[in-house]
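Reading through the structure tokens given below for one structure.
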Amino acid sequence: MAEIRSLPVAELDDRLAALGGPEPERPKGSRSAPEGFPELLGAVPGQVVLRMAPFPSGALHIGNGRMLFVNQYYRERYHGRLLLVFDDTIGSETKRVETEFFDLILGDLELAGIRPDAVYYKSDRIGRHYPWAVRVIEKGGAYVCRCPAEILRENRAAGRACPERAQTVAETLAEWEKMLSGGYAEGEAVLRLRTSLTDPDPAFRDRVLFRISEQDHPRVGHTYRVWPLLEFSWAVDDIELGITHVLRGKDLVMEDRMQQYIWQLLGIRAPPFLHWGLLRVREAKVSKSKSYAEVKSGQYDGWADPRTWSLRSLDRRGISMAALREFTLSFGLSLADIEVPAETLYAENRKLIDATTARRSFVADPVHVAVEGYPFDLASVALPNHPDRAELGVRTAFAGPTFYLARGDVERFAGQEVRLKDLVNISLPTERPGPGKTLSATFTSRENRKLPRLQWVGEREAVAVDLLGIDGQRTAGIGESALRAARPRETFQFERVGFVRVEDGGAAVAGPLKVVYGHP
RNA sequence: GCUCCCGUAGUCUAGUCCGGUCAAGGAUUCGUGGCCUUCGACCACGUAACGCGGGUUCGAAUCCCGCCGGGAGCACCA
């Protein structure tokens with residue numbers, strides 16, 4: 001239901017009312033929530049402002065994709081504005097901002113077909129956060145704490161106040177000035193919110209608002225040394241940027257409470273929040289830091305390596321962003337954490353591309369096979385590009401008498417009669433194919449009989465193919481002659497293998513034709 | 001440990017707010033059959049679910065209580 005999902009903190013209703021906010025409309029029986037998406041609380045078409053806030057530490061992945069598409073969905077639904085706000089505060093040792101990721105993410109957004117109405121960088125806005133800190137201090141809502149991080153943590157767990165909590169407003173203002181002017185070094189002082197040390201939720205006790213960092217920021221260098229933490233920076237920016245609804249993953253619900261607390265303190269009306277649970281794709285190990293390490297070290301083939309499961313890697317595999325959008329939106333805004341098999345995404349993509357994707361023959365780990373008694377008139381054949389779609393036309397395939405067959409097929413059907421699909425029947429030898437050897441098979445008949453059907457590639461004009469798998473492994477194979485015309489980024493279905501996408505450059509690039517495996 | 005969130009078939013999801021129209025709908029997977037000269041597509045059929053225990057009620061997936069299970073937070077990260 002819309003209200004509960006928008007207001008995970010139960011008392012927000014009351015607070016809204018207390019702050020003069022609008023009474024949530026709740027027409028009985030009205031649940032216009034197409035596709036499982038509730039109405040945004042108090043949304044006025046044309047006046048909704050939303051924001052996406054990725055942290056620039058790597059390429060966007062499927063989880064980020066959900067954030068993108070949910071925001072885009074509501075933006076379209078309410079004809080609203082959607083801002084991109086890079087959450088590039090100073091971060092930490094383990095979470096560092098790096099310049100290259102700004103463009104990378106901008107590229108990902110473009111790939112996803114989402115054009116933000118405006119782009120902001122948190123790091124440009126730090127100076128705007130300071131006056132807000134003063135406002136909070138003047139309301140008696142914060143104090144400067146000089147406890148070492150460890151002590152601070154212990155006190156928080158124990159519900160114990162540190163001596164500085166008793167600071168007067170004037171003292172805090174002085175201390176704050178000292179922080180800003182360099183009177184404290186990194187780690188020596190922080191500005192903390194005065195919530196309650198006895199708050200039942202230990203996570204909520206006097207959280208840190210600002211801290212000192214002397215790190216070099218890739219965009220603004222050493223311009224600032226006092227940096228806000230995520231919660232405070234959003235308490236400011238959500239208001240200053242006029243965000244009307246905050247849509248974020250449920251990992252940030254505690255941050256909602258922080259923002260609401262600050263806004264209430266300052267008498268500001270809070271925009272409602274809306275969340276969704278964690279989405280994991282079973283096959284995808286969504287560790288951004290692992291991907292980061294592997295990309296940096298060169299173990300991965302950049303951020304488009306299939307093993308990253310990044311948006312760009314999915315694109316490279318021929319999985320369309322439209323399919324990804326359908327996929328991510330199909331889960332609605334459920335708060336449950338879910339794990340979905342990649343097959344569900346593949347099914348979505350198949351729906352979109354199957355009818356328009358040409359078929360091609362490809363054999364992995366090829367074995368050279370000469371067919372004795374092969375009919376002379378079948379040196380080449382015309383085959384439809386798609387079994388059900390005549391309008392996709394035909395291609396010419398060079399055929400016998402010499403072929404490449406997949407080693408797996410040759411071994412599996414050794415000594416048996418098989419049908420070369422769309423061609424003729426042959427009898428395979430019992431001999432096991434040794435490396436570099438040509439096997440002898442025998443033509444048996446032409447008529448279509450119920451035999452195991454194998455893909456084949458005629459030797460003439462055959463194309464060497466390099467198939468990159470989802471696991472990052474490359475498979476050498478041979479594809480039919482028609483692949484000589486493969487265009488960059490064209491998608492094919494390799495029969496009995498799966499959907500693949502041609503890499504940038506297509507067949508024009510020297511060497512084997514490079515393709516990436518998409519899905520079955 | 002404390003706080004919050006979540007629990008409907010193998011996997012997702014609709015339904016839960018406002019109890020009956022739900023002996024629970026859809027998607028995907030799986031199985032069977034059909035069809036097309038792919039292990040893909042399509043068609044048909046099928047298997048399969050309200051976490052557990054109490055309570056309220058004529059009636060509970062839906063309301064209440066207790067439990068169990070899963071996840072997240074308790075960073076001077078985002």
Side-chain angles (χ1 to χ4, degrees), chain A residues 1-5 8-10 26 28-29 31 33 35-36 53-57 87-97 122 145 147-150 152-153 156-157 159 186-192 199-205 207-213 227 229-231 233-234 248-257 275 277-280 282 288 326-327 330-332 334-341 343-348 350-351 354-355 357 359 361 383-384 386-389 419-423 448-455 493-499 519-520:
Chain A
M1 61 179 275
E3 286 75 25
I4 289 218
R5 283 184 182 161
V9 179
R26 194 181 310 195
K28 179 167 173 153
R31 44 170 65 265
E35 302 172 36
F55 182 72
S57 65
D87 226 336
D88 65 332
T89 50
I90 196 68
S92 67
E93 290 293 327
T94 52
K95 275 196 175 173
R96 282 185 193 279
V97 177
K122 267 283 173 62
C145 174
C147 298
E150 208 166 293
L152 189 156
R153 231 171 286 147
R156 173 146 54 210
E186 182 168 329
E188 284 187 352
V190 295
L191 185 71
R192 293 177 73 182
D199 192 286
D201 182 358
F204 194 65
R205 293 171 188 165
R207 290 185 67 88
V208 173
L209 264 19
F210 284 85
R211 82 316 187 155
I212 295 164
S213 173
W227 290 86
L229 266 57
L230 176 141
E231 301 92 328
S233 71
W234 279 116
R248 52 165 57 152
K250 81 165 187 188
D251 49 319
L252 262 18
V253 287
M254 198 267 295
E255 283 69 13
D256 295 4
R257 214 184 143 200
H275 301 91
L278 191 73
L279 165 65
R280 270 191 307 257
R282 196 188 306 285
K288 222 174 183 178
E326 287 306 308
F327 172 74
S330 72
F331 308 117
S334 157
L335 252 7
D337 298 324
I338 56 175
E339 183 173 278
V340 186
E343 177 56 36
T344 307
L345 171 61
Y346 299 160
E348 208 64 60
R350 222 180 274 127
K351 277 182 210 161
D354 184 73
T357 302
R359 270 52 176 172
S361 191
L383 300 176
H386 193 291
D388 314 315
R389 297 268 170 169
R419 180 160 182 84
L420 302 183
K421 184 171 175 283
D422 296 308
L423 198 64
N448 177 23
R449 286 194 279 131
K450 285 274 179 190
L451 293 169
R453 295 192 174 103
L454 307 189
Q455 263 53 47
Q493 188 205 56
F494 283 177
E495 291 187 343
R496 288 173 62 227
V497 175
F499 291 89
H519 56 81

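Numbers restart at 1 for each chain; the letters A, B, ... are given by sequence-line order, proteins then strands. Just so we're clear, the structure is a prediction, and the values are computed from it rather than from any experiment.
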Are OP1 or OP2 of [N] and a side-chain N or O of [X] less than 4.0 angstrom apart?
| X | N | answer |
| --- | --- | --- |
| A:T89 | B:A78 | yes |
| A:T344 | B:C12 | no |
| A:R350 | B:U29 | yes |
| A:R156 | B:C76 | yes |
| A:R257 | B:C4 | no |

Watson-Crick or G-U wobble mate for [N], both contacts under 3.5 Å:
| N | result |
| --- | --- |
| B:G1 | B:C74 |
| B:U21 | none |
| B:C12 | B:G26 |
| B:G51 | B:C67 |
| B:U62 | none |
| B:U37 | none |
| B:C45 | B:G31 |
| B:U57 | none |

Heavy atoms only, 4.0 Å cut-off, all strands: where does [X] land among base, sugar-phosphate and nothing?
| X | answer |
| --- | --- |
| A:P54 | nothing |
| A:E186 | nothing |
| A:L229 | sugar-phosphate |
| A:R205 | nothing |
| A:G187 | base |
| A:K122 | nothing |
| A:A347 | sugar-phosphate |
| A:P387 | base |
| A:L230 | base |
| A:Q493 | base |
| A:V190 | base |

For a quick check, tell me whether the side chain of [X] and the base of [N] share a donor-acceptor pair closer than 3.5 Å.
| X | N | value |
| --- | --- | --- |
| A:R359 | B:U38 | yes |
| A:E348 | B:U28 | no |
| A:D388 | B:G40 | yes |

Give the ring-plane orientation class for A:F499 versus A:H519, where under 30° counts as parallel, over 60° as perpendicular and anything between as tilted.
tilted
Rounded to whole Å, please give me the gap between NZ in A:K250 and C1' in B:G7.
11 Å
Taking OH from A:Y346 and P from B:U11, how many angstroms apart are they, rounded to a whole number?
19 Å
Measure across A:L335 and A:H275 and return the closest heavy-atom pair with its distance rounded to 0.1 Å.
CD1-O, 3.5 Å
So, for A:A53 and A:W234, which heavy atoms are closest and what is the spacing to 0.1 Å?
CB-CZ2, 3.2 Å
Just jot down the side-chain hydrogen bond (donor to acceptor under 3.5 Å, both in side chains) partners of A:K250, sequence neighbours excluded, or say none.
A:D337
One thing to verify: whether A:E188 and A:R211 come together as a salt bridge, which I'm taking to mean a side-chain N less than 4.0 angstrom from a carboxylate O.
no
Side chains of A:T89 and A:K122: do they bring a donor and an acceptor to under 3.5 Å?
no
From CA spacing to verdict: side-chain contact (heavy atoms from CB on, under 4.5 Å), A:R207, A:R156
CA-CA 9 Å; A:R207 290 185 67 88; A:R156 173 146 54 210; 4.2 Å; yes
